> 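Here you go, one structure.
This structure is a prediction, so every number in the text was calculated from the model and none was measured.
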Amino acid sequence: MSRAPNTQAIQPAHSNAWVVQTWVSWILAVGVTAMGVWFLPVDGWMKSFLGMGMLFTVGSTFSLAKTVRDVHEQQRIVSRIDEARMTKLLAEVDPLSPKL
């Protein structure tokens, strides 16, 4: 029985520089926005409202990113299972065997 070649795409790992850059940019974005809210010339209630909105946005962003990643990984798994089933079916078919 022949085996189909492994056609799974190899995903390169993120470099340390990329990981550091993403964290630094995220920390800067949240920090600068928080400072902007803190130094706004408005009363405390308005600053609290804007701060809560910023925290909710950051939390929702993490949830969205995780959900998109999970959906993508699930689709890859289903695709690999379908590919394995098709490979198995094709391997079981012998075109030279006599028909009954």
Side-chain angles (χ1 to χ4, degrees):
M1 187 182 281
S2 65
R3 300 186 93 192
N6 187 1
T7 58
Q8 177 182 356
I10 298 173
Q11 301 243 343
H14 295 299
S15 68
N16 289 336
W18 173 255
V19 173
V20 168
Q21 189 271 334
T22 55
W23 276 105
V24 168
S25 66
W26 181 80
I27 290 168
L28 274 172
V30 171
V32 170
T33 304
M35 283 178 43
V37 169
W38 181 260
F39 289 112
L40 275 176
V42 294
D43 62 352
W45 286 106
M46 183 62 72
K47 289 180 184 182
S48 298
F49 177 76
L50 293 173
M52 284 178 20
M54 184 183 77
L55 289 176
F56 182 73
T57 301
V58 168
S60 296
T61 302
F62 278 114
S63 297
L64 176 63
K66 181 186 179 313
T67 301
V68 168
R69 183 198 63 201
D70 291 347
V71 166
H72 174 72
E73 288 178 355
Q74 181 65 30
Q75 288 173 347
R76 284 183 49 206
I77 290 171
V78 169
S79 175
R80 288 176 51 197
I81 291 170
D82 288 343
E83 183 181 339
R85 286 180 183 157
M86 183 59 71
T87 302
K88 181 181 176 191
L89 285 172
L90 290 173
E92 291 173 354
V93 172
D94 184 7
L96 300 177
S97 67
K99 306 269 187 213
L100 295 177

> Roughly how far apart are Gln21 CD and Leu28 CG, rounded to 0.5 Å?
10.0 Å
> Within this structure, what is the NE2-CD1 distance for the pair His72 and Ile77, rounded to the nearest 0.5 Å?
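Going from NE2 on His72 over to CD1 on Ile77, the span is 10.5 Å.
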> Quick one: pull up CG in Leu55 and CG in Leu50 and give me the separation to the nearest 0.5 Å.
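Between atom CG of Leu55 and atom CG of Leu50 there are 11.0 Å.
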> Under 4.5 Å between side-chain heavy atoms, counting indirect links through other Ile/Leu/Val/Met/Phe/Trp/Tyr residues: same cluster for Leu40 and Val30 or not?
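Different clusters.
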> Any chance CG of Asn16 has more than 12 other-residue heavy atoms, nucleotides or ligands included, within less than 6.0 Å?
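No, because the 6.0 Å sphere around CG of Asn16 holds 12 heavy atoms or fewer from other groups.
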> Report yes or no: does Ser60 contribute a side-chain atom to a donor-acceptor pair with the main-chain N or O of Phe56 at less than 3.5 Å?
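Side chain of Ser60 to backbone of Phe56, a donor-acceptor pair under 3.5 Å: yes, one is there.
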> Do Met52 and Trp45 belong together in a cluster built from hydrophobic side chains that touch within less than 4.5 Å?
no
> Considering residues at least two apart in sequence or located in another chain, which fulfil the salt bridge (Lys or Arg N to Asp or Glu O under 4.0 Å) criterion with Arg85?
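Scan of Arg85 (salt bridge (Lys or Arg N to Asp or Glu O under 4.0 Å), adjacent residues dropped) gives Asp82.
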> Answer whether the closest heavy-atom distance between the side chains of Val37 and Met46 falls below 4.5 Å.
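No, every pair of side-chain atoms sits at 4.5 Å or beyond.
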> When you check the gap from the basic side-chain N to the acidic O, do Asp43 and Lys47 get nearer than 4.0 Å?
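No.
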> I need the single residue from Ile27, Thr22, Val20 that forms a side chain to side chain contact (heavy atoms under 4.5 Å, CB included) with Val24. Which is it?
Val20
> Say you draw a straight line from CH2 of Trp23 to CH2 of Trp18; how long is it, rounded to the nearest 0.5 Å?
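So the CH2 of Trp23 and the CH2 of Trp18 are separated by 14.0 Å.
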> With clusters defined by side-chain heavy atoms of hydrophobic residues (ILVMFWY) lying less than 4.5 Å apart, directly or transitively, does Phe62 cluster with Met54?
yes
